[in-house]
Student: 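First the structure, which I've put down as structure tokens, then a few questions once you've had a look.
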Amino acid sequence: MKTEGVRTRFAPSPTGYMHVGNLRTALYAYLMAKSQNGTFILRIEDTDQERYVEGAVDIIYNTLREAGLFWDEGPDIGGPVGPYIQSERMSMFKKYAEQLVESGHAYYCFCDKDRLEEVRVLQKASGIAPKYDGHCRNLSKEEVAQKLAANTPYVIRQKMPLEGTTSFHDEVYGLITVDNDTLDDQILIKADGMPTYNFANVVDDHTMGITHVIRGSEYLSSTPKYNLLYEAFGWEIPTYIHCPPVMKNATEKLSKRNGDASYQDLVAKGYLPAAIVNYLALLGWAPKGEQEIFTMDELKKEFSVSGISKSPSIFDGQKLDYVNAEYIRQLPLEQFHEIALPWIRQTVKREDVDTRLIAKVLQSRTEVLNQIPEQVDFIDRLPEYDTALYVHKKMKTNEETSLEALKAVLPVLEGLEDFTEESIHEALFRLIADLGVKNGYLLWPVRVAVSGKQFTPGGGVEICAILGKDESITRIRKGVALLSK
RNA sequence: GGCCCGUUGGUCAAGCGGUCAAGACACCGGCCUCUCACGCCGGUAACGCGGGUUCGAUUCCCGCACGGGUCACCA
């Protein structure tokens, strides 16, 4: 078994969509391993058949791969410590639990659920913290043997120390100490012979050689129990790295239920996987320097546990937008065109337009891809517009000057044989010089006439080039007609 | 409720006894400019509260408040 170096794991349950908090935990586990040249392992924890969701494993695979988190060992590719699907590891747990019974760290418990429930109700009524009352804790060997022989259903429980304290060190939270009397004699092996998550997790992590356990802070309070288990087995305790939760607002954790916090929802809206990952890295972790935009390779170099914060962070859509915009702008035009095309095509059905020209004006104006369709909706059809649009104080234009300007522009454009952005630009600016007017005096009316909108990606020249000669001239004539009324 | 954890601008956050308390997003102004956007320049805005310790606390200690987590034969 190759277990040298740092080994981390991501151990999701296939219960549905992957939300960003989950993905962030996976990212940190990945970065922890990769920043140390270590091994990143994927383990599927599918022991809860009731919550199992069809296709959820594929979602996990796809999300991780798209996000660039490639595992070195996992269910699909195998590895030295497999199987990597928890349900296939079931046979090993019981003997570990029996070993603990043998050494006095665990015991058989024959209490049925009814009795347990009774005890719980009683404890609650008298204001005591609900906890197993130790009924079977000190059964004699004979009693146990007898019940076992009689096929009495049983579970195996961990025997917690009655007094003293248990401490552990967490890399982000520091030293945490709890009183042992608050620890419940938790169940290790259920009546059906299957391990509980808590037990399977410890055994799996150890047998898979995990050196750094990275998980959500909700496991902070059960960690002392895990440690007691490690100690009982005489196993080396892993380094713990607990991450604070990602919040939806000040009081609610991000949930898959409401909202769109899942990774695939974000992608569907037009966020780039790399941008999502970059933003997530920043949510709850701070790099040493001022840089915020990182490639995955840079993140691997930069990542350090000391930068993980202790307090919950609220998921901020605005900052994600910014990071996404940053990624979009960094793309080579050709690549941006490729990813923007399906979005452009939502509103631009015309085949005779150069979508590259459209992509070019869109690139610096798009934060999220889903903003594209609305921006280019005027290309297929000129919207109805009010001539008041021609009035622009700063451009020093109004309906009269605009009519004049459009009339001057018309023959110039009509005379253009080569109708490209460059030639249009050249022709129009020559006209501007000839007329001795301000750029906006001429160009603002053109932009309005060809777009019918107050705001557009690109200016009049660029839009004419996109629309083509015929359509541009038709629209300008339409403008002249409107203004002549 | 018991136990554990947390609390710096609206948000993400740096800070680790002495700082004019970084930076980013957002917001507001300006410049650039054929609109919008990009880009550039500038601005507003924060240490939860109360006690200690100390020459000096955002930093250390104790309470309180608020928030989160956890108390299953779920994971």
Side-chain angles (χ1 to χ4, degrees), chain A residues 11-13 15 45-48 50-51 86 109 111-113 116 120 124 127-131 153-157 170 173-174 176-179 181-184 186-192 194-198 200-201 216-224 242 244-245 247 250-253 279 282-293 307 309-323 325 329 361-367 375 389 392 394-395 397 428-429 432 438-448 451 453-463:
Chain A
S13 314
T15 55
E45 306 212 327
D46 61 343
T47 47
D48 187 358
E50 299 206 354
R51 288 207 301 164
Q86 201 168 52
C109 170
C111 297
D112 58 34
K113 289 191 182 175
L116 259 24
R120 207 168 295 147
K124 262 196 173 159
I128 308 171
K131 201 180 136 183
Y154 67 92
V155 301
I156 297 179
R157 311 187 86 109
D170 180 86
Y173 289 94
I176 292 175
T177 302
V178 297
D179 289 327
D181 61 17
T182 65
L183 268 24
D184 195 9
Q186 66 175 344
I187 290 170
L188 270 19
I189 299 292
K190 301 186 270 187
D192 62 4
M194 295 293 128
T196 55
Y197 165 83
N198 288 314
N201 204 258
S217 62
E218 66 268 25
Y219 293 101
L220 224 33
S221 47
S222 38
T223 303
H242 286 92
M247 309 290 285
T251 59
E252 296 168 277
K253 266 180 83 166
Y279 170 68
L282 259 21
L283 192 63
W285 169 77
K288 294 231 162 43
E290 304 275 80
Q291 187 182 343
E292 286 200 312
I293 303 299
S309 66
K310 297 194 220 310
S311 46
S313 347
I314 299 172
F315 184 88
D316 178 14
Q318 285 186 319
K319 181 79 181 243
L320 206 213
D321 285 357
Y322 161 77
V323 173
R329 279 179 237 125
V361 296
L362 243 21
Q363 190 165 13
S364 70
R365 288 169 248 252
T366 304
E367 290 189 295
Q375 287 195 84
L389 266 187
H392 195 293
K394 220 175 139 200
M395 299 299 119
T397 61
L428 255 25
F429 274 74
I432 286 165
K438 293 276 215 177
N439 297 347
Y441 182 86
L442 203 82
L443 266 8
W444 172 262
V446 171
R447 201 194 58 78
V448 170
S451 73
K453 292 180 84 171
Q454 184 170 199
F455 307 121
T456 52
V461 172
E462 288 153 312
I463 293 172

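Since the model is a prediction, treat every value here as computed from it, not as a measurement. Naming: A, B, ... by sequence-line order, numbering from 1 per chain.
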Student: Kindly give the heavy-atom pair with the smallest separation between A:Lys253 and A:Glu218, and that separation in Å.
Tutor: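 Nearest pair, atom of A:Lys253 first, then A:Glu218: NZ-OE1, 4.2 Å.
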Student: So what does A:Thr366 touch, heavy atoms closer than 4.0 Å: a base, only the sugar-phosphate, or nothing?
Tutor: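 Touches nothing.
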Student: Choose from B:U70, B:G67, B:C34 the nucleotide whose nearest atom is closest to any side-chain atom of A:Ser221.
Tutor: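 For A:Ser221, the side-chain atoms sit closest to B:U70.
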Student: Would you say A:Tyr322 places a side-chain N or O within less than 4.0 Å of OP1 or OP2 belonging to B:C25?
Tutor: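 So the side chain of A:Tyr322 is within the cut-off, an N or O lying under 4.0 Å from OP1 or OP2 of B:C25.
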Student: Base, sugar-phosphate, or nothing: which does A:Gly284 touch, judged by heavy atoms less than 4.0 Å apart?
Tutor: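 Sugar-phosphate only.
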Student: Between A:Asn201 and A:Gln86, is any side-chain donor less than 3.5 angstrom from a side-chain acceptor?
Tutor: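 A:Gln86 and A:Asn201 do not have a side-chain donor-acceptor pair below 3.5 Å.
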Student: Using a heavy-atom cut-off of 4.0 Å across all strands, would you classify A:Glu45 as base, sugar-phosphate, or nothing?
Tutor: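 Touches sugar-phosphate only.
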Student: Between the base of B:U33 and the side chain of A:Lys394, is one N or O donor paired with an acceptor at under 3.5 angstrom?
Tutor: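 Yes, the side chain and the base share a sub-3.5 Å donor-acceptor pair.
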Student: Take A:Glu367 and A:Arg329 through the salt bridge (charged side-chain N to carboxylate O under 4.0 Å, His left out) test and state the conclusion after the steps.
Tutor: CA-CA 9 Å; A:Glu367 290 189 295; A:Arg329 279 179 237 125; 5.4 Å; no
Student: Evaluate the ring planes of A:Tyr279 and A:Phe315, with Trp represented by its six-membered ring, and classify them as parallel (under 30°), tilted (30 to 60°) or perpendicular (over 60°).
Tutor: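 Ring orientation of A:Tyr279 relative to A:Phe315: perpendicular.
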Student: Please classify the nucleic acid contact of A:Ile314 as base, sugar-phosphate, or nothing, using heavy-atom distances under 4.0 Å.
Tutor: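 The residue A:Ile314 makes sugar-phosphate contact but no base contact.
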Student: List the atom of A:Ile463, the atom of A:Gly458, and the distance in Å for their closest heavy-atom pair.
Tutor: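 Residues A:Ile463 and A:Gly458, closest heavy atoms: CD1-O, 3.9 Å.
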Student: Would you mind classifying the nucleic acid contact of A:Gly440 as base, sugar-phosphate or nothing, using non-hydrogen atoms under 4.0 angstrom?
Tutor: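 If one applies the 4.0 Å heavy-atom cut-off, A:Gly440 turns out to touch the sugar-phosphate alone, with no base involved.
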Student: If you look at every strand shown and take non-hydrogen atoms under 4.0 Å, does A:Ser313 touch a base, only sugar-phosphate, or nothing?
Tutor: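 Counting heavy atoms under 4.0 Å across all strands, the contact made by A:Ser313 is with sugar-phosphate only.
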Student: Between B:C38, B:C34, B:G6, which nucleotide gets closest to the side-chain atoms of A:Ser364?
Tutor: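 Within the option list, the nearest is B:C38.
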Student: When we call it a touch if two heavy atoms are under 4.0 Å apart, what does A:Asn198 touch: a base, just sugar-phosphate, or nothing?
Tutor: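 Base, at least one base atom sits under 4.0 Å.
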Student: Using heavy atoms to find the nearest nucleotide of RNA chain B for A:Arg447 and A:Thr182 separately, return the residue whose nucleotide is more 5′.
Tutor: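 Counting from the 5' end, the first nearest nucleotide belongs to A:Thr182.
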Student: Which is true for A:Tyr219 with a 4.0 Å heavy-atom rule: it touches a base, it touches only sugar-phosphate, or it touches nothing?
Tutor: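 The residue A:Tyr219 makes base contact.
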Student: So what does A:Cys109 hit on the nucleic acid, given a heavy-atom distance under 4.0 Å: a base, only sugar-phosphate, or nothing?
Tutor: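 Counting heavy atoms under 4.0 Å across all strands, no contact is made by A:Cys109.
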Student: Checking all strands, does A:Met194 fall into the base, sugar-phosphate, or nothing category for heavy-atom contacts under 4.0 angstrom?
Tutor: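 It contacts nothing in the nucleic acid.
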Student: Over all strands shown, is A:Ser309 touching base, sugar-phosphate only, or nothing at heavy-atom distances under 4.0 angstrom?
Tutor: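 Sugar-phosphate contact only - A:Ser309 comes under 4.0 Å of backbone atoms but never of a base.
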Student: Give a yes/no answer on whether the side chain of A:Arg120 brings an N or O atom under 4.0 Å of OP1 or OP2 in B:C73.
Tutor: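 Yes, because at least one side-chain N or O of A:Arg120 sits under 4.0 Å from OP1 or OP2 of B:C73.
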Student: What's the closest nucleotide to the side chain of A:Lys190 if the choices are B:G67, B:A26, B:C74?
Tutor: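 Shortest atom-to-atom distance from the side chain points to B:C74.
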Student: Please tell me which of A:Ala129 and A:Gln318 maps to the more 5' nucleotide of RNA chain B, matching each residue to the nucleotide holding its nearest heavy atom.
Tutor: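 The 5'-side residue here is A:Ala129.
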Student: Counting only side-chain heavy atoms from C-beta out, which of B:A24, B:G10, B:C3 sits nearest to A:Asp316?
Tutor: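 Of the candidates, B:G10 comes closest.
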Student: Confirm from the modelled atom types if A:Ser13 and B:A75 form a donor-acceptor pair under 3.5 Å, side chain to base only.
Tutor: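 Donor-acceptor pair under 3.5 Å: no.
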Student: Base, sugar-phosphate or nothing for A:Ala286? Non-hydrogen atoms, less than 4.0 Å.
Tutor: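 Here A:Ala286 touches the backbone only, sparing every base.
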